[in-house]
Structures are given as C-alpha cells and as structure tokens.
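Here the structure is laid out as structure tokens; the discussion comes afterwards.
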Amino acid sequence: MRLTFSGDSRKGWSPRRSGPSLPQVALTFDDGPDPRYTPVILATLARWQVRATFFMVGEQAQAYPDLVRRVYEEGHDIGNHTLSHRHGWLTLPARTVQEWEKAQDILTGITSTVPRFFRPPWGKATPTTRLWVRERGLLVLYSVIPGDWRYGTSPGTLAERVLKAPCLGDIILLHDHGRLHPEAPAATVTALEIILAGLEQRGVKAVPLREWWPLYRRK
C-alpha cells in the first residue's frame, strides 16, 4: 500500500501508514480555486461521479468564495494549503502559524465547516507545521507526483505517470491553479478524463480523503 499521511504517532497516526486493502486512490488538487480550471475539473468529476479533495490556498479562496462553496456543495473535501503558499522552511514560525490560521478562518467562514486535512506547500512540513496540525487533523502528503505544475507536459504523459502507479491507496497530486505557469492546468483538465477512464478500466475507485479518515483518527 502506498497511502501517505503524515502526522504524530501520539495521535494514533505516523508519517507513513498502509492504505486501504481495496483498489482505491485519492485525487487531490492543489493551489486553487481558479475560475478558469476549477469549474471544468468539477464538471469532469461530476460526469464520472467521482469525489476528490481540493487543497485550497486562502488567498485564492478569499478571491473566489463562490467556487469554494461550489466545491463543497458538490461533495468534495476541502483542505487547508496555507494562506499564500509560502515555503515553510523559508518562513519564521510565527508567520507559519499565521499562514495556517488565516487560511483556516477563511475556509471555515465560507463553508461553515472546519477543514481537517492540511498540506504544506511543496510538501515541506516544518516542526512548527507538524505541531500546529497535530491537534487539528491530518497532514496529508502524496505518493504520485505527475508534475502537472510544469507547463508543456502533455496530458497523455501526465495520465501515464498516474496510471503506472499501483493505485492501491495512492494519493495523487494534481493542480487546479498554476502558480508558476498559469496555463499549466489546461493539460491537467485534459489528463483528468484519461486518468478517470484508466482508473475505471482497472477497477480502481477514486475517493475523497474523508473515506479514509476512520483509518487514521485516534482510536
């Protein structure tokens, strides 16, 4: 199994745990929402009757609250991806805490639901981040990185990188907003159709992270 959650063993979960004993993956989308790409991704997921998890940047969520509400109302999970996507190792501890708390307040204010999944920018979890998240939920990383943030990668290549994984508890990292290359998610949009078709052909179910929550919450 290749499910990757990160956390503190004293809370009943550890940096690496086995995934479910079923052919399942979690599709996750970082850095949004984005008015160009998030609606298209939502429409694709709806056609396939798939739920995913969106790790949202607080500033993006504040700019597009209607999109945040749409993601939530369509049954997807929303996770905290900090306020402004600052690199944790280049940020002072006090500012790191502010990044998490302000994003948490924004997302909670829009959806009236407190996020319990957290992903640090670039997957870099500092001790400050681990301590802050420990009492609030799960620090979620990923096991499949197709590299869709790079502009110019073809949709076919992105899909191939995802589908060659075992797809047994994998967490797949995708993006619905291009921070480095604004047009990069266009390839993700096209690749998503290929990915979903490939998963279905292999008998693999894509699930939101909440379906795995009982495996990782404190007993």
Side-chain angles (χ1 to χ4, degrees), residues 3-17 26-34 38 51-73 76-143 145 149 171-180 185 208-218:
L3 173 62
T4 304
F5 276 119
S6 176
D8 187 303
S9 59
R10 289 171 294 177
K11 296 294 291 181
W13 36 284
S14 57
R16 287 187 178 272
R17 293 287 298 268
L27 296 174
T28 66
F29 297 89
D30 281 16
D31 296 353
D34 186 306
T38 306
R51 299 294 180 266
T53 303
F54 290 77
F55 284 94
M56 296 187 176
V57 172
E59 290 177 346
Q60 289 292 117
Q62 197 167 40
Y64 306 106
D66 289 344
L67 264 182
V68 179
R69 279 188 284 268
R70 178 179 170 186
V71 170
Y72 178 77
E73 291 169 359
H76 304 283
D77 287 340
I78 292 177
N80 184 337
H81 198 39
T82 73
L83 177 68
S84 62
H85 205 274
R86 293 171 64 94
H87 195 298
W89 290 108
L90 302 177
T91 306
L92 292 173
R95 177 60 186 269
T96 295
V97 170
Q98 291 177 356
E99 284 280 314
W100 289 114
E101 290 184 342
K102 289 182 178 180
Q104 192 81 334
D105 289 344
I106 290 168
L107 294 171
T108 301
I110 295 171
T111 66
S112 299
T113 300
V114 181
R116 57 182 176 177
F117 300 115
F118 304 87
R119 175 173 287 166
W122 293 287
K124 306 301 183 183
T126 65
T128 299
T129 285
R130 291 180 181 274
L131 182 63
W132 188 87
V133 170
R134 189 175 66 193
E135 301 298 328
R136 294 168 175 82
L138 296 177
L139 194 64
V140 183
L141 303 180
Y142 29 77
S143 56
I145 310 172
W149 66 85
I171 298 178
I172 299 167
L173 172 65
L174 297 168
H175 295 79
D176 61 330
H177 174 67
R179 297 189 65 84
L180 298 178
L209 287 172
R210 66 175 177 269
E211 293 201 13
W212 293 344
W213 173 263
L215 298 174
Y216 295 93
R217 65 184 178 184
R218 187 176 183 179

Original post:
Strictly by modelled atom types, are R70 and T38 linked by a side-chain donor-acceptor pair under 3.5 Å?
Top reply: no
Original post:
Taking all atoms of both residues into account, what is the closest heavy-atom pair of A103 and N80, and its distance?
Top reply: CB-OD1, 3.3 Å
**OP:** Determine whether the side chains of T113 and Y72 contain a donor N or O and an acceptor N or O closer than 3.5 Å.
**Re:** yes
**OP:** Starting at CG of L173, measure out to OG of S143 and round the result to the nearest 0.5 Å.
**Re:** 10.0 Å
Original post:
For R119 and H81, what are the C-alpha separation, side-chain angles and deciding distance, and is it a side chain to side chain contact (heavy atoms under 4.5 Å, CB included)?
Top reply: CA-CA 5 Å; R119 175 173 287 166; H81 198 39; 3.8 Å; yes
Original post:
Any donor and acceptor pair, going by atom type alone, linking the side chain of T53 with main-chain N or O of L209 inside 3.5 Å?
Top reply: yes
Original post:
Quick one: does Q98's side chain get under 4.5 Å of L83's, heavy atoms only?
Top reply: no
Original post:
Does the side chain of D77 come within less than 4.5 Å of P115's, by heavy atoms?
Top reply: no
Subject >> Verdict with reasoning, F118 to T129, per side chain to side chain contact (heavy atoms under 4.5 Å, CB included) >> reply: CA-CA 9 Å; F118 304 87; T129 285; over 6 Å; no
**OP:** Mark yes or no for whether H85, through its side chain, and P121, through its backbone, hold a donor-acceptor pair below 3.5 Å.
**Re:** no
Subject >> Nearest heavy atoms of L107 and A61, plus distance in Å >> reply: CD2-CB, 3.7 Å
Original post:
Of all heavy-atom pairs between D176 and G32, which one has the smallest distance, and what is that distance?
Top reply: OD1-N, 3.2 Å
Original post:
Is there side-chain contact between P120 and E99, with heavy atoms separated by less than 4.5 Å?
Top reply: no
**OP:** Could you walk me through whether R136 and W100 pass the side chain to side chain contact (heavy atoms under 4.5 Å, CB included) test, one step at a time?
**Re:** CA-CA 11 Å; R136 294 168 175 82; W100 289 114; over 6 Å; no
Subject >> Side chain proximity check, I171 to W212, heavy atoms < 4.5 angstrom >> reply: yes
Original post:
Atom CD of Q60 and atom CZ of R179: how far apart are they, to the nearest 0.5 Å?
Top reply: 6.5 Å
Subject >> D66/R69 salt bridge by N-O under 4.0 Å criterion >> reply: yes
Original post:
For the ring-ring contact (aromatic ring centres under 6.0 Å, His included) test, which of W149, Y142, F54, F55 pairs with F29?
Top reply: F54
Original post:
Out of curiosity, K124 NZ to L141 CG, how far, rounded to the nearest 0.5 Å?
Top reply: 10.0 Å
Subject >> L67 side chain reached by V71 side chain, heavy atoms, under 4.5 Å >> reply: no
Original post:
Taking atom CG of D31 and atom CG of L180, what is their separation to the nearest 0.5 Å?
Top reply: 8.5 Å
Original post:
So how far is it from R95 CZ to T128 OG1, rounded to the nearest 0.5 Å?
Top reply: 13.5 Å
Subject >> Closest non-hydrogen atom pair between G178 and P185, with its separation >> reply: N-CG, 3.4 Å
Original post:
Which atoms form the tightest heavy-atom contact between A125 and L139, and what is the distance?
Top reply: CB-CD2, 3.5 Å
Original post:
Looking at OG1 of T28 and CG of L174, how far apart are the two atoms once the value is rounded to the nearest 0.5 Å?
Top reply: 6.5 Å
